[in-house]
Amino acid sequence: MAHTDHQTMRRVLRREIAGTIGLLTDEHDFRAMRRYRSFTFDDHQTYLQQVEALLKVRASQGSHTTVALFDPQEYAEFCADADLDPDIPSSRTRFTAESASTGPVLPYEGQPLSDLVPALVDEAVRQATWEYASTLLARLGACSSCGEDIGRAAFTRASRLLVRILDTAGGGNRHLVCSVSAPAETLVSVLHAEEDEHGALQLDEAEALEFTTVLALGIATQSPGGLVIRTSGPGTTDRVYGWRLRGDGLRPLTAGEVFDAYCTDIESGDIISPESDVDYCVPPDLGEEGQTPGHHH
């Protein structure tokens, strides 16, 4: 009887352990892990199927699982720094636990892995973009003429501009894209704002932070860039409009410029056919907030 009780207790406790699994999302990363003898998978598709099966089993037992991105290069560096043998499972477990507290993670909520993998990769890109933009902003230092922290001032301005853009967008959902030509690469940030049944806007805080940081970087460095918004609501035509980053402010794009920006593929430069039910238009007036301030750093 006591033995059964112990088994039951352990089963109950097992359900209360929140687990994290480190996922190798692409073939390249998977191949990098195959150099370790203790990593016993030899086919990426089979590996993904086994991971999905495990996630389903844990969910059916009432266990919560978080999925983290497993980066083989970071893993090798982690093992070297901590003086761990990379070819034993416990080292992978420790790395997964560490990366789950700092890197991109998503909760498993029964979604197919074919949906979870791209979402996890998007989360990783978003986090990397935010870290890169934050680093560049922090390096700008203080204004030589007024002593103000340039990055912080630009972030404050970007926050106000974002609030004003969302406020003037009218009802419905908003989808915003901001691109800034940073020194090494063009940074692209996306923000979704959905309206709930009470008309209040719901934002993902991490998404909003990254979007504001990228916009702030463009403002602070006066880099070429732009911001385009698409609004959609029930019973109304979708509207698309935007601004060009100009100095430390935003200059409205004409309807033709918005059409060109929206109907060009960022990667290839190819023309994408316009949608017939979309109104490409001039942005609303942002009022005083949209004016370029007189003070320049």
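Position 1 is the first residue of the sequence; numbering continues from there.
Clustering ILVMFWY residues whenever any of their side-chain heavy atoms sit less than 4.5 angstrom apart, transitively, puts Tyr132 in the very cluster that holds Leu217. Taken together through direct or relayed side-chain contacts under 4.5 Å among Ile, Leu, Val, Met, Phe, Trp and Tyr, Leu162 and Ile229 form part of one hydrophobic cluster. Side-chain heavy atoms closer than 4.5 Å link hydrophobic residues (I, L, V, M, F, W, Y) into clusters, and following such links, possibly through other members, connects Leu54 to Leu24. Under the 4.5 Å side-chain heavy-atom criterion for Ile, Leu, Val, Met, Phe, Trp and Tyr, Leu137 and Trp130 are members of distinct hydrophobic clusters.
When all heavy atoms of Leu201 and Gly172 are compared, the closest pair comes out as CD2-O, 4.2 Å. Residue Gln111 comes nearest to Glu52 through the heavy atom pair O-OE2, 4.4 Å, listed as atom of the first residue, atom of the second, then distance. Closest heavy-atom contact between Ala216 and Ala154: O-CB, 3.5 Å. Considering all non-hydrogen atoms of both residues, Ser159 and Thr212 come closest at OG-CG2, 3.4 Å.
Counting only distance, with no hydrogens or angles, the side chain of Arg174 and the backbone of Leu166 share a donor-acceptor pair below 3.5 Å. A donor-acceptor pair under 3.5 Å is absent between the side-chain atoms of Glu210 and the main chain of Ala133, judged by distance alone. The backbone N or O of Asp87 lies less than 3.5 Å from a partner atom in the side chain of Ser38, making a donor-acceptor pair. Panel note: side chain Asp238, backbone Val278; no donor-acceptor pair is recorded below 3.5 Å. Looking at Ser223, its side chain never comes within 3.5 Å of a backbone N or O of Ala182 through a donor-acceptor pair. A donor-acceptor pair under 3.5 Å is absent between the side-chain atoms of Thr46 and the main chain of Asp42, judged by distance alone. Between the side chain of Arg58 and the main chain of His64, a donor-acceptor pair closer than 3.5 Å is present.
Side-chain atoms of Leu84 and Phe95, non-hydrogen and from C-beta on, never get closer than 4.5 Å to each other. For the pair Leu161 and Ile219, the minimum side-chain heavy-atom distance is below 4.5 Å. Val180 is not listed as a side-chain neighbour of Leu215, based on a closest heavy-atom distance of 4.5 Å or more. Looking only at side-chain heavy atoms (C-beta outward), Leu245 and Leu250 come within less than 4.5 Å of each other. At least one side-chain heavy atom of Tyr241 sits less than 4.5 Å from a side-chain heavy atom of Thr231. At least one side-chain heavy atom of Leu55 sits under 4.5 Å from a side-chain heavy atom of Leu113. Looking only at side-chain heavy atoms (C-beta outward), Arg35 and Pro72 stay at 4.5 Å or farther from each other. Between Phe155 and Thr213, some side-chain heavy-atom pair lies under the 4.5 Å cut-off.
The local environment of CD in Gln202 is crowded, with over 12 non-hydrogen atoms from other residues, nucleotides or ligands closer than 6.0 Å.
If you run side chain to side chain donor-acceptor pair (under 3.5 Å) between His175 and each of Glu194, Arg230, His192, only His192 comes through. Among Val190, Leu227, Val228, the single residue meeting the side-chain contact (heavy atoms from CB on, under 4.5 Å) criterion with Leu176 is Leu227.
Relative ring orientation between Tyr47 and Phe41 is described as perpendicular, the plane-to-plane angle rising above 60° on a 0-90° scale split at 30° and 60°. Ring orientation note: the planes of His44 and Phe30 are tilted relative to one another, at an angle of 30° to 60°.
Aromatic rings of Phe70 and Tyr75 (six-membered ring for Trp) have centroids within the 6.0 Å cut-off, being under it.
At a cut-off of 3.5 Å, with distance as the only test, no side-chain donor of Asn173 or Ser232 sits close to an acceptor on the other residue.
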